[in-house]
Amino acid sequence: MKLTKNFLYIAYFLIPSFLSDLTVTGQSFTLPVIMQKTSLVLQVENNKDVHIIYFGEKLKDTAEYKNAPGGYRQTEDYTDLLSSPYMPSGSRNLFEPAISVKHADGNQSLDLRYVSHAVKKIDENVSLLSVLMKDPVYPFQVTLYYKSFYKEDIIEQWSTIVHQEKGKVQLQKYASANLYFKARQYYLRQYHGDWAREMQPEEARLTHGIKTLDTKLGTRANLFQPSMFMVSMDTPATEDEGTVMLGAMEYSGNFRIDLELDNQDNLRVIAGINNYASEYSLATNEEFTTPPFLFTLSTSGKGTASRNMQQWARNYKLLDGKGNRLTLLNNWEATFFDFNESKLAGLLKDTKKLGVDLFLLDDGWFANKYPRNNDRAGLGDWQENKAKLPNGIASLVKEASANDVKFGIWLEPEMVNPKSELYEKHPDWVIKQPQRDEHYFRNQLVLDLTNPQVQDFVFGVVDNLFTKNPGVAFIKWDCNAVIFNAYSSYLQNQSHFYIEYMRGLYNILKRVRTKYPTVPMMLCSGGGGRVDYAALQYFTEFWPSDNTDPLERIFIQWEYSYFYPALSSANHVTDWGKQPIKFRTDVAMMGKLGFDIVVSQLNEKDLAFCQQAVATFNSIKPIIWQGEQYRLQDPTSNSVAAVMYVNEAKSNGIIFNYMVNNRYGEGSKLPIKLKGLNADKKYTIKEINLYPGTKSAIDSSKTYSGDYLMKMGFNPRVSAYRASVVLQITEGG
Ligand code: DGJ
């Protein structure tokens, strides 16, 4: 299609000036995605090639973006494609593609040229740029979508792929997004992990060639590597300085992110579903939509970028991002599988005694032929175990209500133990290779969610629970196994397996949310094996890790917090770690507070402290959940780690300070500079959440200006004797 003057006029007219502007020079023109502080700018060339020409701090004059390419004198681009926003393969390209296809006639080349674009203003803050690109030779087209959130400086990017060829086209690679950066050097901060070791960071300079972050686990996909990452330009960004992009896939299955440093020393970032074992046969006129890649760019360090992410999540993605969360007592570590009705009755009383909102019954309450008394049997048989719960869940819900607390329950509906009635009845519902030995992860297998009958079953597990027990107020949705021996006896085309599995899972979650839109649900996966925003649109919170050692949690929660707001992080006080209960509780307060301890075994003072802590938490949680988070001192390079939350009005804040290095004489030797305050306001600082009988070392009668506290700082007096200090800062005085 030719770009007519008329078309240009219409397009220009449709674009709200503050969101996007169209600058025409000859026939080439720019397509800027403009946000509050940054902008991403595409340029359509005379020959209809599209290039990314700018991604950085917003310019005052939109008309000047077109000059950006002229500023570079790098080596030659032999392909004219290096800065493509969606690199095709098999034609001019010499680098890692975003898309790779085999056409119906077997030809493997693709070129994508601009056809048209549109900007839809969704509301005052959100707009959607779509760019339609077509192959000049084949009836094959891709539309790139850039959904931008002005105030949050966030973009979600995805693509749709469709063709009108006579026969199926094989999609060999089908990324969601393709970004391009120009800087002197690039530093990648990535994460790795395993059970109880989530979010372990590594940071290194990227060298030429390709660095790939990916997972092939199918479910519990983040076990070894999540899709969250950061790229700093020129030098590693600090909390408050440097240009840095934070990115993550909104996808719970196999992902792949390629970071390629090319011959011009520029960085290509290609993110999407992992194409591993997943060639997709696309039928004529079938539309393939990729999941969004989420990213934000900050030119003032990682702190700003993380606040962008947190704000966006609360405003747009996380289920009930502005709502309340329930504090709770969980019985997993208190009882494991060993409980019965009378023990639970005691725990319900303890829930009330502690002052939390809800009792959460964990694993072990179900299955009769093969009772769930350990993790080797019963998974899949979702009937109350008659020996443990002769009066069923209904009586527990009733008992909870008699104690004036709510009742929640654990499920792991996607999985099955081979030792279960479900497996005996439906061996074909299980993912396994027909001719190979089964291989187990935590003695279990994954159900085949590509099969609609299995989807009905899984939805039915949740639906039956709520139908029979409308009083159930919370669900912890677990997912412990990865996929071995990927094979579905239902699917015709096995290379669609990983994609169809995720489609099946999202179908179920959508159905659950259509019928039960508000019930809070915790996203758990043997710890933090599935934490992503595709899932979190159905969940109110996630379980970051089974590792609840508070010292470890300071580090784990620190890293998660770059991408997820405190409101979504379920943190429980348990018996892990050597720290006293105050330290453990303070760490758990930096999120959604819960307990998983034997309350009846607490001594008098510990119990009094916990009760008081729950009350304190209830009074400060709006600041922690909805405030802005500032990381003051990181736990890796300081003996004292400090994190601060400040409300929007900058009138109230909470500062958590922890001793993370117990060597002789360590402590807060220097004042810690506060952030996010109003320099002109006066504040007082008081220590809160004190252990009974202790006196604070902080003089709460003094008044300081925000200016002083941000330039000079404040000493929380952390030492081996005061290893955890929570401060409340309040305007006034
Ligand atoms: C793994 C979870 O992470 C734990 O919190 C607990 O729910 C167990 N599963 C139960 O099997």
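Both ligands and their constituent atoms are indexed starting at 1 by order of listing. Side-chain atoms are counted along with the backbone in the values below, which use heavy atoms only and exclude waters and symmetry mates.
Cation-pi check for R376 over Y440 is not met; the charged atom does not lie both under 6.0 angstrom from the ring centroid and within 45 degrees of its normal.
Each of E198, E559, Q200, Q225 was compared with Y191 under the side-chain hydrogen bond (donor to acceptor under 3.5 Å, both in side chains) criterion, and only E559 meets it. When each of V519, L509, V472, V512 is tested with V462 by the rule side-chain contact (heavy atoms from CB on, under 4.5 Å), just one qualifies, namely V512.
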Do any nitrogen or oxygen atoms of ligand 1 lie under 3.5 Å from a protein nitrogen or oxygen, and which ones?
{"unit_1": "ligand 1", "atom_1": "3 (O)", "unit_2": "G527", "atom_2": "N", "d": "2.9"}
{"unit_1": "ligand 1", "atom_1": "3 (O)", "unit_2": "D546", "atom_2": "OD1", "d": "2.5"}
{"unit_1": "ligand 1", "atom_1": "3 (O)", "unit_2": "D546", "atom_2": "OD2", "d": "3.1"}
{"unit_1": "ligand 1", "atom_1": "5 (O)", "unit_2": "K476", "atom_2": "NZ", "d": "2.8"}
{"unit_1": "ligand 1", "atom_1": "5 (O)", "unit_2": "D546", "atom_2": "OD1", "d": "3.3"}
{"unit_1": "ligand 1", "atom_1": "7 (O)", "unit_2": "D362", "atom_2": "OD1", "d": "2.7"}
{"unit_1": "ligand 1", "atom_1": "7 (O)", "unit_2": "D362", "atom_2": "OD2", "d": "3.4"}
{"unit_1": "ligand 1", "atom_1": "7 (O)", "unit_2": "W410", "atom_2": "NE1", "d": "3.1"}
{"unit_1": "ligand 1", "atom_1": "7 (O)", "unit_2": "K476", "atom_2": "NZ", "d": "2.9"}
{"unit_1": "ligand 1", "atom_1": "7 (O)", "unit_2": "D478", "atom_2": "OD2", "d": "3.4"}
{"unit_1": "ligand 1", "atom_1": "9 (N)", "unit_2": "D478", "atom_2": "OD2", "d": "2.7"}
{"unit_1": "ligand 1", "atom_1": "11 (O)", "unit_2": "D363", "atom_2": "OD2", "d": "2.6"}
{"unit_1": "ligand 1", "atom_1": "11 (O)", "unit_2": "R442", "atom_2": "NH1", "d": "2.8"}
{"unit_1": "ligand 1", "atom_1": "11 (O)", "unit_2": "R442", "atom_2": "NH2", "d": "3.0"}

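Looking at D575 and R584, a side-chain N of the basic residue comes within less than 4.0 Å of a carboxylate O on the acidic one, giving a salt bridge.
Between L379 and R442 the shortest side-chain heavy-atom distance does not fall below 4.5 Å.
Sequence neighbours left out, the pairs with a member in residues 398-409 that pass side-chain hydrogen bond (donor to acceptor under 3.5 Å, both in side chains) are K352-D404.
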